[in-house]
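Accompanying notes for the structure given below.
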Amino acid sequence: MAVRRKLIVGNWKMNGSLAALAELDPMAAAAANCCDVDVGICPPFTLVAPAAARAPSLAIGGQDCHAAESGAHTGCVSVPMLKEAGAKIAITGHSERRADQHESNEDVRAKALSALSAGLLTIVCVGESAAQRDADEAVAVVTAQLAGSVPDETQTGELVVAYEPIWAIGTGKVATPADVAEMHTAIRAHLRSRFGAEGEGMRILYGGSVKADNAAELFAVPDVDGALVGGASLTAAQFVPIIEAAASAK
Ligand code: PEP
């Protein structure tokens with residue numbers, strides 16, 4: 001059976017400042033203590049380079065990337081730019097970008113392919129809305145997102161899937177362990193059918209109101225290989241216990 005190291009990634013969204021980078025110091029210390037856990041932080045683009053310089057033991061990343069390497073795309077940041085700034089991770093297809101920037105599965109797949117081709121750990125986010133879950137469509141919706149958003153070739157980077165039910169993001173509502181188990185099993189089956197043994201080794205994160213007090217329960221669910229954490233990644237006081245919960249998970 002594939003051994004998958006736990007992975008905890010913080011998504012700072014449009015939060016943070018140079019002063020807030022002091023939070024990285026205790027996070028890096030916790031990551032060093034929890035040597036079986038990989039830890040990353042994705043701050044706003046402007047903080048990627050100083051974050052990477054300050055905390056070389058954390059994997060710093062971008063919350064998005066453009067599919068092209070350069071060109072007339074005002075306001076966008078490419079994968080080579082992220083890499084030059086020290087990024088090791090790219091998040092693609094976050095539901096906030098799918099909604100706010102109208103990103104389609106095709107857009108996400110192109111971004112993910114660019115990031116994977118450059119050797120980044122590439123997180124492809126998927127997740128259903130509350131209405132889709134209520135209509136019993138959650139697994140079908142997520143499976144269709146995977147089919148459309150995950151590139152066929154993973155290239156040199158590492159593909160990671162983050163299951164983030166939209167209704168759980170920033171709301172304090174968390175999917176039940178049974179719902180998470182059902183979805184992660186379906187995601188694993190999809191990855192296995194497309195990528196064979198490689199799909200068995202791909203990490204699947206849960207995201208949506210992960211906090212210190214629910215992390216252990218979530219990490220005990222089979223095929224939950226870690227978490228993508230929004231609000232609780234902004235301070236070390238909240239984020240470090242999540243790293244520690246991952247280290248204690250069997
Ligand atoms: C996220 O935005 O990826 C997320 C999971 O946010 P939160 O942890 O705040 O729900």
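Because only heavy atoms are used, hydrogens play no part in the values below, and waters and symmetry mates are left out as well, while side chains stay in. Both ligands and their constituent atoms are indexed starting at 1 by order of listing.
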**Prompt:** Would you say Thr156's side chain and Leu116's backbone share a donor-acceptor pair under 3.5 angstrom?
**Reply:** yes
**Between CD1 on residue Ile91 and CG on residue Leu121, distance to nearest 0.5 Å** = 10.0 Å
**Item:** Side chains of Ser95 and Glu164, donor plus acceptor under 3.5 Å
**Value:** no
**Request:** Return the protein residues near ligand 1 (heavy atom under 4.0 Å from any of its atoms), ordered by chain and residue number.
**Result:** Asn11, Lys13, His94, Glu164, Ala168, Ile169, Gly170, Gly207, Gly208, Ser209, Leu228, Val229, Gly230, Gly231
**Item:** Heavy-atom side-chain contact between Asn11 and Val9 under 4.5 Å
**Value:** no
**Item:** Tyr163 and His184 aromatic ring geometry - parallel, tilted or perpendicular at 30°/60° bounds
**Value:** perpendicular
**Pairwise side-chain contact, Val174 with Val210, heavy-atom cut-off 4.5 Å (strictly under)** = no
